[in-house]
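The next block holds one structure in the form of structure tokens; read it before the comments.
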Amino acid sequence: MANLTTREADYSKWYNEIVEQADLAQHSDVKGCMVIKPYGYAIWENMRDVLDRFFKETGHQNAYFPLFIPKSYMSREAAHVEGFAKECAVVTHYRLKVDEATGGIIVDPDAKLAEELIVRPTSETIIWNTYKGWIQSYRDLPILINQWANVVRWEMRTRLFLRTSEFLWQEGHTAHSTKTEAIQEARMMLDVYEKFAEEWMAMPVIKGVKTANERFAGAEDTYCIEALMQDGKALQAGTSHFLGQNFAKAFDVKFASKEGTMDYVWATSWGVSTRLMGALIMTHSDDKGLVVPPKLAPLQVVIVPIYKDDSQLEQIGEVAHGIMKELKAKGISVKYDDDDSKRSGWKFAEYELKGIPVRLAMGPRDLENKTIEVVRRDTGEKQLVALDSVVGLVEQLMVDIQQNLFNRAKDFRTANITKAENWDEFLSILKNKGGFISAHWDGTSETEDKIKELTKATIRCIPLDAEQEEGMCVYSGAPSHQRVLFAIAY
RNA sequence: CGGGGCGUAGCGCAGUCCGGUUAGCGUAUCUGGUUUGGGACCAGAGGGUCGCAGGUUCGAAUCCUGCCGCCCCGACCA
């Protein structure tokens, strides 16, 4: 039965087992692709709905662009094609036929496409080719569009949610008349991601800028939110790019300014994906299973009856339905699990595995004493409370658990950002502790590459709030004026 | 694409070296009963192209050849 590998024993095995046993997703028959199961999808839908609201509140509209991109579009922007070429799925034919020799189905060699199509790894190229037709003057700007879509990147090694060949995401693509406005847009969306991560996922993130090595293919600047997982590895949870005029130039998108000049448009793009599911799992969950923050939980409260006979079950059911009605009136989702084919102990374990924030259990003793047992998933703490106070308590717990999860994750992160003043310290922290290493860097790709080669650690970001501080590069000893964050990353 | 491991019931595995009853165990499923405050117990039942294709043999899950797939570790990446 469901007994999880502990995090200490084998973290990645623990992760895989949670995904499978909590019914979040499974491997599909297609290599590298996943089936997102109803419970996992329900969490994703909650994420999506909140983000979608934020996007609309910040002036964006949803639209939809094609899955297929003409191969020639990909090559228009040099850095972009170089970044993605190695992982593109390509459609070459449009028809199958029965092979007369074998009776099997084969690709019809006569149905070759005149121009091959790329399955989008991201949509900048087809979107900018479309924007070209939408933009003539400054009056057409800004264009603020988001799309919810699937994308395909042919990955060599995949892990459910963290890296799959196909994944779900949203990609915002905006066009602006000035550089300043585009940068503001990219920064604003980064703030939206930060707010979502911290207040809904209860996952603390560090906002920063990527170094040239880690920058999105085709961007001038890539901003990111970086999170720290329980095993001390960093995870990029979202990115927002200032694309400069790169795509405008590649697709010849110009606008007539107020002053009558013809200028290239300034662009941004930004996205988060189903990878956030992986981030959620690895931020909060424990050896008993998944832990879902109340604000994203598809089911927030479960009520489990404990009984010996039908009359007890009936009485408990009556009380439970009363509580359910009150909780639902307060907007709290709740399920009463009176399934007779499972015992209470089994249910306890099952709902813990699925990360339901609060469990209520009621048995014969509670009936007699007008009490109910309340158990919170984040701490496992049990309390026996009077029936008439349970609804208020649960309402408070929704807030407390959300906050506690965030605080706990933030304390962990704070404890795992370590300063390294020299190369020996850097190596020692990486080996013995992990987490983020805050260190000086000389600003060169060469040094970053060398450090990666020696340690596998990369610069996760240059934090936006980093203090100016004179120092020496932890590797080369060259002068540096601020610290950056290194880590082993997912 | 390199290195390692593995394909046997829904899931997890034994059996393979050394060929020989009707292919077995745990779990899940179904039936009946007893149970029910932390993953219950007893009894019974159903469920298999042994990854695929050839070959050797009186006889192949087991030996040989080829192929396919998956997992882990590396190189690449959100």
Side-chain angles (χ1 to χ4, degrees), chain A residues 1-5 10 12-13 15-17 20-21 23 26-33 82-88 102 121-122 150-171 193 210 213-217 219 222 224-227 234-241 269-279 288-289 304-310 312-313 316 338-354 359-369 371-373 375 380 382 384 452-453 456 458 460 489-490:
Chain A
M1 199 60 206
N3 265 324
L4 279 177
T5 298
D10 188 338
S12 70
K13 196 170 176 195
Y15 175 84
N16 290 336
E17 288 178 4
E20 191 192 327
Q21 293 183 21
D23 268 339
Q26 66 182 63
H27 289 281
S28 76
D29 285 351
V30 182
K31 185 175 162 62
C33 294
E82 199 190 321
F84 285 105
K86 294 184 293 292
E87 49 190 23
C88 284
T102 67
T122 179
N150 58 340
V151 286
V152 169
R153 296 179 189 177
W154 214 261
E155 299 290 349
M156 295 177 189
R157 286 191 59 200
T158 58
R159 296 195 61 192
L160 293 175
F161 291 120
L162 295 174
R163 175 164 294 107
T164 45
S165 291
E166 180 193 16
F167 55 95
L168 305 183
W169 77 344
Q170 57 70 216
E171 45 179 328
Y193 289 154
K210 288 292 188 188
N213 284 12
E214 302 283 326
R215 196 181 286 151
F216 175 75
T222 288
C224 61
I225 52 171
E226 291 284 327
L235 183 92
Q236 177 174 303
T239 50
S240 182
H241 314 291
S269 67
W270 28 274
V272 294
S273 72
T274 37
R275 180 177 237 207
L276 288 179
M277 292 288 293
K288 288 196 284 189
V304 177
I306 300 159
Y307 56 95
K308 293 198 201 311
D309 56 55
D310 286 351
Q312 282 174 355
L313 179 59
I316 293 167
D338 61 353
D339 179 354
D340 191 36
S341 70
K342 300 281 191 289
R343 292 159 60 93
S344 53
W346 191 92
K347 292 175 189 174
F348 293 169
E350 181 68 11
Y351 290 116
E352 279 163 4
L353 182 60
K354 292 207 164 164
R359 180 182 78 231
L360 307 179
M362 184 161 202
R365 290 205 297 272
D366 297 308
L367 268 180
E368 200 165 316
N369 303 329
T371 55
I372 191 162
E373 184 186 63
V375 185
K382 289 182 184 177
L384 202 58
K452 182 177 180 182
E453 183 191 322
K456 289 189 219 161
T458 50
R460 300 323 303 156
Y490 273 99

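Quick note on labels: first sequence line is chain A, next is B, and so on, each numbered from 1.
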How is [X] classified with respect to the nucleic acid when contacts are heavy atoms under 4.0 Å: base, sugar-phosphate, or nothing?
X	value
Thr164(A)	base
Glu155(A)	base
Leu235(A)	nothing
Tyr490(A)	nothing

Please step through salt bridge (charged side-chain N to carboxylate O under 4.0 Å, His left out) for the pair Glu350(A) and Lys342(A), ending with a clear verdict.
CA-CA 10 Å; Glu350(A) 181 68 11; Lys342(A) 300 281 191 289; over 6 Å; no
Atom-to-atom span, [atom1] of [X] to [atom2] of [N] - whole angstrom:
X	N	atom1	atom2	answer
Asp340(A)	rU35(B)	CG	P	14 Å
Lys86(A)	rA75(B)	NZ	C1'	12 Å
Arg365(A)	rG38(B)	CZ	C1'	13 Å
Ile225(A)	rA78(B)	CD1	P	15 Å
Leu4(A)	rG39(B)	CG	C1'	12 Å
Gln21(A)	rG39(B)	CD	P	17 Å
Leu313(A)	rU35(B)	CG	C1'	15 Å
Gln312(A)	rU35(B)	CD	P	13 Å

If the cut-off is 4.0 Å, is Lys288(A) near the phosphate of rG39(B), judged by side-chain N/O to OP1 or OP2?
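No, outside the criterion.
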Closest to side chain of [X], choosing from [options]:
X	options	result
Pro364(A)	rG39(B), rG37(B), rC76(B)	rG37(B)
His27(A)	rC71(B), rC76(B), rU29(B)	rC71(B)
Ile306(A)	rA78(B), rG37(B), rU29(B)	rG37(B)
Met156(A)	rA75(B), rU36(B), rC76(B)	rA75(B)
Lys456(A)	rG74(B), rA78(B), rU36(B)	rG74(B)
Lys342(A)	rG37(B), rA78(B), rU29(B)	rU29(B)
Arg359(A)	rA78(B), rG38(B), rG37(B)	rG38(B)
Trp346(A)	rG39(B), rG37(B), rA78(B)	rG39(B)
Phe348(A)	rG38(B), rU29(B), rA78(B)	rG38(B)
Glu350(A)	rG39(B), rA78(B), rU36(B)	rG39(B)

Tell which nucleotide pairs with [N], taking only Watson-Crick or G-U wobble pairs whose two distances are both under 3.5 angstrom.
N	answer
rC67(B)	rG51(B)
rG37(B)	none
rG2(B)	rC73(B)
rG26(B)	rC11(B)
rG46(B)	none
rC58(B)	rG20(B)

Expressed as a whole number of Å, how far does the [atom1] atom of [N] sit from that of [M]?
N	M	atom1	result
rG37(B)	rA78(B)	C1'	46 Å
rG12(B)	rC70(B)	C1'	16 Å
rC17(B)	rU29(B)	P	36 Å
rC71(B)	rC13(B)	P	14 Å
rG55(B)	rU62(B)	C1'	15 Å
rU8(B)	rA53(B)	P	15 Å
rA28(B)	rG19(B)	P	37 Å
rC52(B)	rA61(B)	P	11 Å

Between Lys86(A) and Glu155(A), is a salt bridge (charged side-chain N to carboxylate O under 4.0 Å, His left out) present by the stated rule, with each step listed?
CA-CA 9 Å; Lys86(A) 294 184 293 292; Glu155(A) 299 290 349; over 6 Å; no
Mind checking whether Trp270(A) and Tyr193(A) have parallel, tilted or perpendicular rings, split at 30° and 60°?
perpendicular
Rounded to the nearest 0.5 Å, the CD atom of Gln170(A) sits from the OG1 atom of Thr274(A) at a distance of 11.5 Å
Roughly how far, to the nearest 0.5 Å, is CD of Glu20(A) from CG of Leu4(A)?
10.5 Å
Steps toward side-chain contact (heavy atoms from CB on, under 4.5 Å) verdict (Val375(A), Glu373(A))
CA-CA 7 Å; Val375(A) 185; Glu373(A) 184 186 63; 3.9 Å; yes
Does the cation-pi check pass for Arg359(A) over Phe348(A), that is, NZ or CZ under 6.0 Å from the six-membered ring centre and within 45° of its axis?
yes
Verify the distance criterion only: is there a donor paired with an acceptor across the side chains of Lys354(A) and Gln21(A) at less than 3.5 Å?
no
Judged by modelled atom types alone, do Tyr15(A) and Asp10(A) share a side-chain donor-acceptor pair under 3.5 Å?
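Judged by distance alone, the side chains do not pair up.
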Donor-acceptor pair under 3.5 Å, Arg343(A) side chain vs rG37(B) base
no
Below 3.5 Å, does any donor atom in the side chain of Lys382(A) face an acceptor in the base of rG38(B), or the other way round?
yes
5′-ward residue of the pair Thr158(A)/Glu373(A) relative to RNA chain B:
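It is Glu373(A) whose nearest nucleotide is closer to the 5' end.
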RNA chain B: 5'-proximal contact among Glu166(A) and Arg159(A) (nearest heavy atom)
Arg159(A)
